[in-house]
Amino acid sequence: MSDFDRNVASARTGYRTDQVAIDVGLRAHMIRVYNYMAAGVALTGLVAWFTYSAAVVQTGAGLQLTSFGQQIFHGPLMWILVLAPLGLVMLLSFGINRLSAGTALTLFFVYAGLLGLSLASILLVYTHESIARVFFISAATFGAMSLYGYTTQRDLTGVGSFMFMGLIGIIIASLVNVFLQSTGLGWAISVIGVLIFVGLTAYDTQNIKEMYSSMDDGTIAGRKAVMGALRLYLDFINLFLMLLRLFGDRRS
């Protein structure tokens, strides 16, 4: 009987040890994902600011574009800046299993930098004060929903599927509105977009957590961390842009 008790105690102790190891590993994995994501957001912001500084000069008549600004905001280079990030996202999404973790991370940061070049234009449209205000609102909202996705016991798979269908819908509506130029439709897209990316933030966080495995080797774990960071990065950037359209103050 005493041998049985010792075996049971040993098994339970082993279970607790394994569980603690998994919890510590999961925590380290999520911190790695958030660090990559935060570094990507910071890089995007820095590139956007330096691009804006090089593209605009202040004159007595107001802001004027430099020759560099003309190229990236109105010239052929503008289309390269629009299409190149899309190509990198597709490369990362569909080719991640053929990339090393280091290459995947490098491509992620290249993508974040290119997007910063594109997003420099919002500094021409909105006041810097309102951009900063909306950024902090976005960060607080993102943080709350990501925490919910990490801690909730509810399965968010259904929510994620519904949000993905909604994402397809607003992409189509946005393309249509390029031709319609409807203010009302643009407002509706932004409101629905906020709800969609709020939901996707929670779903993606839960999904990233569930994809973690203590059995992954360094390469697989690195790939998962980069893809998780990319998903959360896209959720945050799009949430920020949707909120900016709703609450940003345009320059007069």
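The first residue in the sequence is number 1, and the count goes up from there.
With a 4.5 Å cut-off on side-chain heavy atoms, L124 and L65 count as touching. Counting only heavy atoms from C-beta outward, the side chains of F236 and M37 approach each other to under 4.5 Å. A 4.5 Å side-chain heavy-atom check between R250 and V125 finds at least one atom pair inside the cut-off. V33 places none of its side-chain heavy atoms less than 4.5 Å from the side chain of R231. No side-chain heavy atom of L239 sits under 4.5 Å from any side-chain heavy atom of D235. When side chains are defined from C-beta on, I170 counts as touching M242, because their heavy atoms get closer than 4.5 Å. R245 is listed as a side-chain neighbour of Y126, based on a closest heavy-atom distance under 4.5 Å. Side-chain contact between D217 and I220 is present, with heavy atoms from C-beta onward closer than 4.5 Å.
Around the CZ atom of F162, the shell of radius 6.0 Å holds no more than 12 heavy atoms that belong to other residues, nucleotides or ligands. Within 6.0 Å of atom OH in Y150, more than 12 heavy atoms from other residues, nucleotides or ligands are found, so the atom counts as buried in its surroundings.
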Let's go through F197 and L167 carefully: what are the C-alpha distance in whole Å and the side-chain angles of both, what is the deciding distance for side chain to side chain contact (heavy atoms under 4.5 Å, CB included) to 0.1 Å, and is it a yes or a no?
CA-CA 8 Å; F197 287 108; L167 177 60; 3.6 Å; yes
(Q) Would S130 and T127 count as a side-chain hydrogen bond (donor to acceptor under 3.5 Å, both in side chains) here? Give the steps. (A) CA-CA 5 Å; S130 68; T127 63; 2.9 Å; yes
What do the steps show when you test F135 against V41 for side chain to side chain contact (heavy atoms under 4.5 Å, CB included), and what is the final call?
-> CA-CA 11 Å; F135 178 85; V41 172; 4.0 Å; yes
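Contact between H128 and L123 at its shortest, heavy atoms only, is NE2-O, 3.7 Å. Nearest heavy atom pair, residue G248 against residue V134, reads N-CG2, 4.3 Å. Summarising the geometry of F109 relative to A39, their closest heavy-atom pair is CE2-CB, 3.8 Å, with the distance given to 0.1 Å. Here the shortest heavy-atom pairing between F142 and L232 reads CE1-O, 3.6 Å. In terms of heavy-atom proximity, L99 sits nearest to R223 at O-NE, 2.8 Å. Nearest approach of G69 to A55, heavy atoms of both residues: CA-CB, 3.5 Å.
L234 contributes atom CG, which lies 10.5 Å from atom OG1 of T201 (distance to the nearest 0.5 angstrom). Rounding to the nearest 0.5 Å gives a distance of 6.0 Å between CD1 of I131 and CZ of F240. Residue I189 holds its CD1 atom at 11.0 Å from CD1 of I172, rounded to the nearest 0.5 Å. The OG atom of S67 sits 10.5 Å away from the CD1 atom of I72 when rounded to the nearest 0.5 Å. Note that OG1 of T157 is 7.5 Å distant from CG of N207, once rounded to the nearest 0.5 Å. Note that CE of M227 and CG of L105 are 12.5 Å apart. Values are rounded to the nearest 0.5 Å.
Of the N and O atoms on the side chains of T103 and T106, not one donor lies less than 3.5 Å from an acceptor on the other residue. Side-chain atoms of T205 and Y148 include no donor-acceptor pair closer than 3.5 Å.
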Only distances under 3.5 Å count here; give the side-chain donor-acceptor pairs of residues 111-122 to other protein atoms, sequence neighbours excluded, each with its distance to 0.1 Å.
residue : atom : partner : partner atom : Å
S118    : OG   : L81     : O            : 3.0
S121    : OG   : S118    : O            : 3.1

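In this structure, F108 has its ring center under 6.0 Å from that of Y233.
Listed for the N177 side chain is no donor-acceptor partner under 3.5 Å among the backbone atoms of A173. Checking side-chain atoms of S138 against main-chain N and O of L243 turns up no donor-acceptor pair under 3.5 Å. Q64 contributes no side-chain N or O that, together with a main-chain N or O of V56, makes up a donor-acceptor pair within less than 3.5 Å. In this structure, K224 contributes its side chain and Y212 its backbone to no donor-acceptor pair below 3.5 Å.
Taking the six-membered ring where the residue is Trp, Y52 and W49 present tilted rings, their angle falling between 30° and 60°.
Screening residues 86-115 for salt bridge (charged side-chain N to carboxylate O under 4.0 Å, His left out) gives no qualifying pairs among residues at least two apart or on separate chains. Listed by first and then second residue, the salt bridge (charged side-chain N to carboxylate O under 4.0 Å, His left out) pairs that reach into residues 136-164 come to none, sequence neighbours excluded. For the salt bridge (charged side-chain N to carboxylate O under 4.0 Å, His left out) condition, the pairs that include at least one residue of residues 129-151, sequence neighbours left out, are R133-D249. Sorted by first then second residue, the salt bridge (charged side-chain N to carboxylate O under 4.0 Å, His left out) pairs that include residues 100-110, not counting sequence neighbours, number zero.
At a threshold of 4.5 Å between side-chain heavy atoms, the hydrophobic network of Ile, Leu, Val, Met, Phe, Trp and Tyr places M165 and I171 in one connected group. Linking Ile, Leu, Val, Met, Phe, Trp and Tyr residues whenever their side-chain heavy atoms come within less than 4.5 Å places Y34 and F136 in a single cluster. With hydrophobic clusters built from ILVMFWY side chains whose heavy atoms lie under 4.5 angstrom apart, F247 does not share a cluster with L195. In the hydrophobic clustering of ILVMFWY residues, with side-chain heavy atoms under 4.5 Å counting as a link, M211 and L230 come out apart. Each of L107 and L86 belongs to its own hydrophobic cluster when Ile, Leu, Val, Met, Phe, Trp and Tyr are linked at side-chain heavy-atom distances under 4.5 angstrom.
In terms of the side-chain contact (heavy atoms from CB on, under 4.5 Å) criterion, residue partners of L246 (sequence neighbours excluded) are, by chain and number, W187, S190, V191, V194.
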